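Each chain gets a letter, A, B and so on, in the order its sequence line appears, and its residues count up from 1. Quick caveat: nothing in here was measured; it's all calculated off a predicted structure. Every heavy atom of this structure was used, including side-chain atoms; hydrogens, water molecules and symmetry mates were not.
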Amino acid sequence: MPVHNADISAIFEEIADLLEIEAANPFRIRAYRKAARILNELPQDIRILLKQNFSLTQLPGVGDDLAAKIVEIVESGSCGLLRRLHKELPPVITELLHIPGLGPKRVKALYHHLDVHTLEQLHRAAQDGLIRKIPGFGEKTELNILKAVESHASQARRFKLATTTQYANALIAYLKEIPGVLQVTAAGSLRRMRETVGDIDILVTATEHAPVMHGFTTYDEVTQVLSVGKTRATVVLKCKIQVDLRVMPETSYGAALHYLTGSKAHNIAIRRIAQKLGLKVNEYGVFKAATRIAGETEDSVYGAVGLPYIPPELREDRGEIEAAMVGKLPNLVQITDLRGDLHVHTKASDGSDSIQDMVEAAKSLGLEYMAITEHSRHLVMVHGLDANGLLRQCDEIDQINSTLSGMTLLKGIEVDILEDGSLDLPDTILKRLDLVVGAVHSKFNLSRAKQTERILRAMERPHFTILAHPTGRLLENRPPMM
DNA sequence: GCCGTTTTCGGCCCGACTGTTTTCAGTCG
């Protein structure tokens with residue numbers, strides 16, 4: 001069984017969890033977590049890097065010790081430290097850390113006092129009223145644990161960006177109507193445009209706190225108020241998404257937006273830079289001793305630590321800070337940069353509009369070209385086109401093209417890549433098209449080698465132009481092909 | 001456990017809210 005980067009990352013995360021329960025040096029724990037994150041996001045395969053004699057200590061956060069552990073895991077599939085930790089603590093105990101309200105100290109106490117190490121045991125202990133008897137725990141804590149365990153099972157962990165944006169926008173519009181509210185902005189992973197988000201973070205600036213907190217916690221989609229203070233509150237919406245809201249003075253808007261946007265790793269890196277400059281960065285601003293020197297805008301926060309503005313989409317501590325330091329931040333693609341669309345369906349297969357409707361929509365977006373790419377016949381459930389249907393559509397496209405100015409319609413197909421790597425339509429038909437988009441829609445679980453061979457074979461066909469959705473994943477629904 | 005334009009040793013980001021331990025630890029973001 002080959003060891004993937006993600007496997008090593010998972011082992012380091014588990015070690016960090018167990019060390020945390022054992023109350024190990026917090027910085028040692030952080031080192032394991034940082035290395036886990038780096039490995040998880042590393043584009044190159046560790047096994048290949050090792051074969052090329054790459055020195056692992058060149059990776060950020062990886063020193064001699066962790067490099068040796070990575071080699072150990074790649075070679076043996078496991079890690080001695082993790083085996084030792086498992087002798088002291090049952091492996092499944094780390095799942096308790098994922099219950100909101102339970103951290104390492106409480107998990108350790110639950111294990112030592114009640115021998116609880118699974119969710120089921122935790123649930124039973126809470127129902128039996130045993131938890132409140134542990135020193136440091138009380139009736140309320142026990143009730144919160146019970147509720148958390150019960151909702152944990154049914155709760156999806158992350159939500160798609162597009163879905164979350166709808167809920168966030170509705171809430172933002174509502175908050176803007178509250179008297180005294182000046183600005184309402186979505187922050188967090190939503191603002192960083194991550195493909196999935198775990199919760200919604202909202203920043204509000206207002207002349208008064210109280211009306212905002214009252215309005216927020218009584219929003220009619222709120223089903224649970226998890227916490228509410230003077231400047232911060234957390235609720236859960238009907239759709240099960242958690243929302244964190246922070247109310248800040250207007251003068252701290254930039255610093256608060258930076259803090260709430262994250263990512264956590266990016267913020268830590270920025271704070272470390274500030275520290276070296278003798279400054280302190282928090283959500284209220286950038287401080288030199290007790291004097292605030294920046295914080296009204298995000299620009300001012302970055303400026304105070306000697307950096308240009310870094311767009312939210314890049315704030316993951318994946319090299320953007322180093323790039324910013326030397327003036328080499330990339331220019332992000334803007335929606336206005338898009339000149340055409342090469343993957344479009346109409347109601348001829350599983351779309352919902354006519355070609356003409358799609359042309360109008362493309363024109364209104366300022367596109368210069370658009371390819372019509374229906375599914376091919378193999379996808380019966382979406383009325384994929386056969387050769388005759390496709391040829392008829394080609395005639396229709398020619399006809400519409402003759403009436404267009406300033407925009408070109410292209411003839412295409414999203415042709416199925418069959419299990420053996422052949423395409424779902426013959427070359428004699430495909431050669432009449434402007435482009436051929438190939439895609440896998442079935443047999444996602446072939447072996448890695450077979451799947452690769454299948455796709456490579458398809459790409460070698462003479463008229464093949466573009467490979468669509470290369471991994472076949474559906475976010476939160478179907479894992480990528482491996 | 002990592003790291004170094006103050007350091008090869010001594011640091012390591014910062015603050016809010018909750019519940020319970022009557023002054024603060026634990027958890028979270």
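The interatomic distance linking A:I21 (CD1) with B:dT27 (P) rounds to 10 Å, in whole Å. Rounding to whole angstrom units, CD1 of residue A:I268 and C1' of B:dG29 are separated by 11 Å.
Using bins of under 30°, 30° to 60° and over 60° for the plane-to-plane angle, the ring pair A:Y302/A:Y309 lands in the perpendicular bin.
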Nucleotides 14-24 of chain B: protein proximity per nucleotide (B base, S sugar-phosphate only, - neither; heavy atom, under 4.0 Å): BBSSSSSB---
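Counting atom types as modelled, A:N25 pairs a side-chain N or O with a base atom of B:dG1 as donor and acceptor under 3.5 Å.
Its glycosidic angle being more than 90° from 0, B:dT22 falls on the anti side.
At least one test fails for A:R28 against the ring of A:F12: distance under 6.0 Å to the centre or angle within 45° of the axis.
Using a 4.0 Å cut-off, some side-chain N or O of A:R30 falls inside it from OP1 or OP2 of B:dC13. For the pair A:K264 and B:dC28, the criterion of a side-chain N or O lying under 4.0 Å from OP1 or OP2 is not met.
Using a 4.0 Å heavy-atom cutoff across all strands shown, A:I270 reaches no nucleic acid atom at all. Nucleic acid contact for A:K69: sugar-phosphate only, since backbone atoms but no base atoms lie under 4.0 Å from a heavy atom of the residue. Within 4.0 Å (heavy atoms only), A:P26 reaches no atom of the nucleic acid at all.
In this structure, B:dC14 forms a base pair with B:dG29, meeting either the Watson-Crick or the G-U wobble geometry with both donor-acceptor distances under 3.5 Å.
B:dC2 and B:dT7 have their C1' atoms separated by 13 Å, given to the nearest Å. Taking atom P in both B:dC3 and B:dC13, the straight-line distance is 14 Å, to the nearest Å.
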Verdict with supporting geometry, A:I11 and A:D7, side-chain contact (heavy atoms from CB on, under 4.5 Å): CA-CA 6 Å; A:I11 289 176; A:D7 302 323; 5.6 Å; no
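Side-chain N or O atoms of A:N267 include one that pairs as donor or acceptor with a backbone N or O of A:Y259 at under 3.5 Å.
A:Q451 and A:R454 share a donor-acceptor pair across their side chains, judged by distance under 3.5 Å alone.
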